[in-house]
Amino acid sequence: MIKEQVWHQLRDALSRCGDELKLESTDDGLAQLALERPRQLHFGDFAVNVSPLARFAKLPPPKIAEIVCESVKTSAPLLEPSLAGGFVNFKVDTQTLLDGVLRLLQAPALGQNTVMAEDCILLEYVSANPTGPLHIGHGRWMALGNSLARLMKHCGATVWQEFYVNDYGSQMNNIANSVWYRCLQQCDASIPFPEKTEDQPYPFYPGEYVVDIAATYLANDENRAEFEQWRAMAQAPDYQAPEKALEVLKAEAKFQMMAAQKRLLERCGLVFDLWFSETDLHQAGEVADCLQVLKERGYAYEQDGAVWFASSRFDDDSDRVLVKTDGSYTYLTADIAYHWDKFIRDDGCFTKAINIWGADHHGYIPRMKAAIAALGIDPERLEILLGQLVNLKVDGQRTRMGKRKTMMTLADLVDEVGVDAVRFWMVSKSQDTTLDFDVDLAASASDENPVFYVQYAHARCCSIFRNALGARLDTAEGETLPPFIDPQAWQAYLSAVDAEGLGRLFDDIEDEAALTALRELILKLDGFQDKVVECATKRYPHLMARYLMDLAADFHSFYSHVRVLVDDPEVAKPRLVVVELLRRTLATGLQLLGVSAPQQM
RNA sequence: GCGCCCGUAGCUCAGCUGGAUAGAGUGUCGCCCUCCGAAGGCGAAGGUCGCGCGUUCGAAUCGCGCCGGGCGUACCA
């Protein structure tokens, strides 16, 4: 990278004035410094704030900057060093830029690196109950988790993506009962669906989708026949379902809902390595085993007819119930067993488990960390990423999302605005901030979504190549002309180009704004890999979305200042190289966010 | 009450391991298509970075205290 090269030069410069700055060693000094892009273009290509050296040199920052600046003057590829307070600004020579372009061109995969090569990560996200359709909040975890998986893989990590299916417990009974009543209604419309009452929990799902589950189920003749037998057993007024019926309908609801969730997620570009069933965990006896281990390690005890987890011996506020007085496990118990499984399966191959949870579960973190510690596993290996919730804005009014009312689902949203717009939008903001999702805006004015700005830049690059490599029509004569550049010759040029061949990249660019645009573009392209690493290690995919918007802006600016397909092919080719790099970078960046990079729009 | 997240331009948000004149999108107002895609470019206007105190040569960034908003605080899942 250009940046690395510059850093190297800066090191030399610093070593030459190390004594004067009273540095113990050049590396000590260097460790204090960061090479950054200046906030404003006219400061140059790179900047270093030397203020942190003040503690060694015992000199005011501007004086240190002066000393460093003098030293930089003798570092050949660094040009025009200038001072501004505690900053030293400088530019790099064109040769360095050309070398940088060449290296990017020869890279097999842009931005790919090995920073996380040692990591084997189990990433769990979305993890919804199979009791209803995915809602818009799930859309955020979907986009966030999958983008993160792609980014971490690009940094060399092994990433296993997992969806935990909460197919056990009372919610499943509720959906079974709900399907039961909807089935009854299919046969006899006069049978009422249980009404909601204010003062007690409502164990039903009133959503329309439950009607669809019932209809799909009954559309099968065998199912219908079986159901009629159960219906005959059900008596007014409450039409209690037979056990067997609930069992079958529970499985039916789970099957249909999971199929729908899978279909939608696949449409969004997600393929989970495993859909882990909570029921399987119980049936395999893992929950009981896990509880046994907790007991043996002295972290579970009986009191008041329940079994408790002594989580307060770790960072938790109080102890938690594992086995209720009625003898059944709490949700926590199964979840502990699940997380235990993550760390012991396949000989404990996973170095880290990362979960994405909604902020409404944040209070759950201390007890889960405590559980991991109690099981003798380093709790640092469990990393929980919290995402703040999504507020829906309908008619300018904020409403809390929830799948039990009738409101826009993730599938509806994807139908309305498309996968690309949803995925980009969902990761264009930090997960630390509550996302307001304006449904009306999404439905009406989808081209306000910044994703189109980025995609447009990509399509424009492709368009330039279509013009450069395709047959041309002479409008005056009506004749077909040969391509501006022969496609085969272009490929040959691309694979054989060297710094000399790129040498005319800066030719005929006299306009200051044009030159700035080109240099800026190259430096921005050079920073792609750093950005990939930053996104993956900070777990902040939104930084990639912003980077792509910046890059697209730099390209549009370059495009309006510098004509690529100029008459002299030897000048046009190096410029096409830049367009090619841009095309690849945009495509790779979008791919890392799971967004398509269309060749035309 | 306690815990976590947030409060930055009209709106939606970046920036937060302290550092230059606080940025972008959108909206508003100008200008730019005989020339590679105007879903674009160039420019203008728009800010006591919620408030106060503290640490520091220096605070949007760190600490403390307020104020405002969201979420949580189950033998629910």
Side-chain angles (χ1 to χ4, degrees), chain A residues 34 36 38-40 43 47 49-52 54 60-62 83-87 89 128-129 131 166-172 174 201 203 278 304-308 317-318 320-335 358-366 386-389 391 393 398 400 425 428-438 441 445 447-457 459-468 484 513 517 540 542-543 545-546 549-550 552-553 555-566 572 575-576 579 600-601:
Chain A
E36 55 196 54
R39 198 175 291 171
Q40 288 177 41
F43 286 127
N49 178 8
V50 299
S51 304
L83 295 169
F87 283 86
N89 301 304
N129 294 14
T131 54
N166 298 133
D167 56 356
Y168 190 88
S170 59
Q171 295 303 321
M172 290 308 292
N174 295 347
E278 183 184 350
D304 304 331
V307 179
W308 295 72
D317 299 333
S318 67
R320 308 290 169 181
V321 171
L322 293 170
V323 184
K324 299 182 240 177
T325 46
D326 69 1
S328 64
Y329 295 117
T330 59
Y331 175 79
L332 175 66
T333 315
D335 214 19
D360 51 339
H361 288 89
H362 81 262
Y364 205 76
I365 296 173
L386 282 185
Q388 296 298 313
L389 303 181
N391 286 319
K393 246 169 115 177
R398 283 193 185 130
R400 179 74 172 77
W425 186 269
S428 61
K429 278 142 205 174
S430 158
Q431 61 262 32
D432 294 337
T433 185
T434 306
L435 193 79
D436 279 330
F437 202 101
D438 191 324
L441 187 70
D447 35 325
E448 284 189 30
N449 194 306
V451 71
F452 295 104
Y453 183 78
V454 179
Q455 290 182 318
Y456 180 67
R460 227 179 193 184
C461 291
C462 294
S463 172
I464 292 173
F465 278 104
R466 279 193 296 274
N467 289 323
F484 184 77
Y540 272 151
H542 73 279
L543 299 175
R546 297 197 77 86
M549 286 189 275
D550 281 349
F555 169 57
H556 288 312
S557 175
F558 163 78
Y559 180 89
S560 61
H561 282 106
V562 180
R563 190 178 167 81
V564 177
L565 299 179
V566 290
R575 292 181 186 177
L576 274 170
V579 177
Q600 304 185 50
M601 297 177 70

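Chain letters run A, B, ... following the sequence lines, proteins first and then strands; every chain starts at 1.
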Students often get this wrong, so: under 4.0 angstrom with heavy atoms, is A:Val562 touching a base, only sugar-phosphate, or nothing? base
Measure the distance from CZ on A:Phe558 to P on B:C36 and round it to the nearest whole Å. 15 Å
Expressed as a whole number of Å, how far does the C1' atom of B:G23 sit from that of B:G46? 14 Å
I want to confirm an ordering. Mapping A:Ala552 and A:Val564 to their closest nucleotides on RNA chain B, which one lands closer to the 5' end? A:Val564
Pick base, sugar-phosphate or nothing for A:His361, based on heavy-atom distances below 4.0 Å to the nucleic acid. base
Distance check needed: B:C13 P versus A:Met549 CE, whole Å only. 13 Å
Quick check: any donor-acceptor pair below 3.5 Å linking the side-chain of A:Asn49 to the base of B:A20? no
A:Asp550 near the nucleic acid: base, sugar-phosphate alone, or nothing, with a heavy-atom cut-off under 4.0 Å? nothing
Mate of B:C2 where both pairing distances stay under 3.5 Å, Watson-Crick or G-U: B:G72
Within the structure provided, determine whether A:Asn467 and A:Val564 are in side-chain contact (heavy-atom separation under 4.5 Å). no
Can you figure out which of B:G15, B:C4, B:U12 approaches the side chain of A:Asp436 most closely? B:U12
Span that lies between the P atom of B:A14 and that of B:C66, in whole angstrom: 27 Å
Using atom types as modelled and distance alone, determine if a side-chain donor or acceptor of A:His556 lies under 3.5 Å from a backbone N or O of A:Ala553. no
Nearest to the side chain of A:Asp304 - B:A77, B:C36, B:C75? B:C75
Applying a 3.5 Å limit to both distances, which nucleotide forms a Watson-Crick or G-U wobble pair with B:U28? B:A44
Just call it for A:Ala47: base, sugar-phosphate, or nothing, with non-hydrogen atoms closer than 4.0 Å on any strand. base
From the set B:C13, B:C76, B:G40, return the single nucleotide nearest to any side-chain atom of A:Lys429. B:C13
Could you tell me how far apart A:Tyr456 (OH) and B:G41 (P) are, to the nearest whole angstrom? 9 Å
Within a strict 4.5 Å, meaning less than it, do heavy atoms of the A:Leu386 and A:Gln431 side chains meet? no
A:Asp432, nearest nucleotide to its side chain (from B:G40, B:C75, B:C5): B:C5
Face-to-face contact A:Phe87 to B:A20 six-ring, under 5.5 Å, under 30°: yes
Contact class for A:Ser51 (heavy atom, under 4.0 Å): base, sugar-phosphate, or nothing? base
Starting the side chain at C-beta, find the nucleotide from B:A77, B:C71, B:G40 nearest to A:Thr330. B:A77
Which is more 5' along RNA chain B, the nucleotide nearest A:Val321 or the one nearest A:Arg546? Just name the residue. A:Arg546
Donor-acceptor pair, side chain of A:Ser557 and main chain of A:Ala517, under 3.5 angstrom: no
Out of B:A14, B:A39, B:G70, minimum distance to the side chain of A:Ser430 belongs to B:A14
Looking only at atom C1', what distance separates B:A22 and B:G69, rounded to whole Å? 24 Å
Integer angstrom distance from the C1' of B:A44 to that of B:U48: 23 Å
For B:C33, does the O4'-C1'-N9-C4 (purine) or O4'-C1'-N1-C2 (pyrimidine) torsion place it in syn, i.e. within 90° of 0, or in anti? syn
Have a look at A:Gln455 and say if it touches a base, only the backbone sugar-phosphate, or nothing, with a 4.0 Å heavy-atom cut-off. nothing
Rounded to whole angstrom units, what separation is found between the CD1 atom of A:Ile464 and the P atom of B:A38? 10 Å
Donor-acceptor pair (no angle test) under 3.5 Å: A:Ser170 side chain, B:C76 base: no
Listed nucleotide nearest any side-chain atom of A:Leu543, set B:A39, B:A38, B:G15: B:G15
Name the nucleic acid region contacted by A:Thr433, choosing base, sugar-phosphate or nothing; use a 4.0 angstrom heavy-atom cut-off, strictly under. sugar-phosphate
Sticking with atom P, work out how far B:U56 lies from B:C11, rounded to a whole angstrom. 37 Å
Work out how far the P atom of B:A59 is from that of B:C49, and round it to whole angstrom. 12 Å
Can you tell me the Watson-Crick or wobble partner of B:U56, both distances under 3.5 angstrom? none
Length of the line joining A:Glu448:CD and B:G27:C1', which is rounded to integer Å: 9 Å
Which nucleotide, in any strand shown, forms a Watson-Crick or G-U wobble pair with B:C13, with both distances under 3.5 Å? B:G23
Contact class for A:Ser463 vs. all strands (heavy atom < 4.0 Å): base, sugar-phosphate, or nothing? base
Just checking A:Ala468: base, sugar-phosphate only, or nothing, at a heavy-atom cut-off of under 4.0 Å? nothing
Using the P atom as the point on both nucleotides, what is the distance between B:A38 and B:G30, in whole Å? 22 Å
Using a 4.0 Å heavy-atom cut-off, does A:Tyr453 contact any base of the nucleic acid, only the sugar-phosphate backbone, or nothing at all? sugar-phosphate
Find the partner of B:G7: check Watson-Crick (N1-N3 plus N6-O4 or O6-N4) and G-U wobble (N1-O2, O6-N3) distances, both under 3.5 Å, and reply none if neither fits. B:C67
Heavy-atom side-chain contact between A:Thr333 and A:Val321 under 4.5 Å: no
Looking at B:C71, B:C36, B:U12, which one has an atom nearest to any side-chain atom of A:His362? B:C71
Measure from CG on A:Leu332 to C1' on B:A77 and round the result to the nearest Å. 11 Å
Side chains of A:Tyr364 and A:Leu332, heavy atoms from C-beta outward: is any pair under 4.5 Å? yes
Distance in angstrom units between A:Asn174 CG and B:A77 C1', rounded: 10 Å
Any base atoms under 4.0 Å from A:Tyr168, or only sugar-phosphate, or nothing? Heavy atoms, all strands. sugar-phosphate
Distance in angstrom units between A:His561 NE2 and B:C36 P, rounded: 17 Å
What's the closest nucleotide to the side chain of A:His556 if the choices are B:A77, B:G37, B:G41? B:G41
Smallest separation among heavy atoms of A:Asp436 and A:Trp425, with atom names: O-NE1, 4.5 Å
Using the P atom as the point on both nucleotides, what is the distance between B:C6 and B:C64, in whole Å? 15 Å
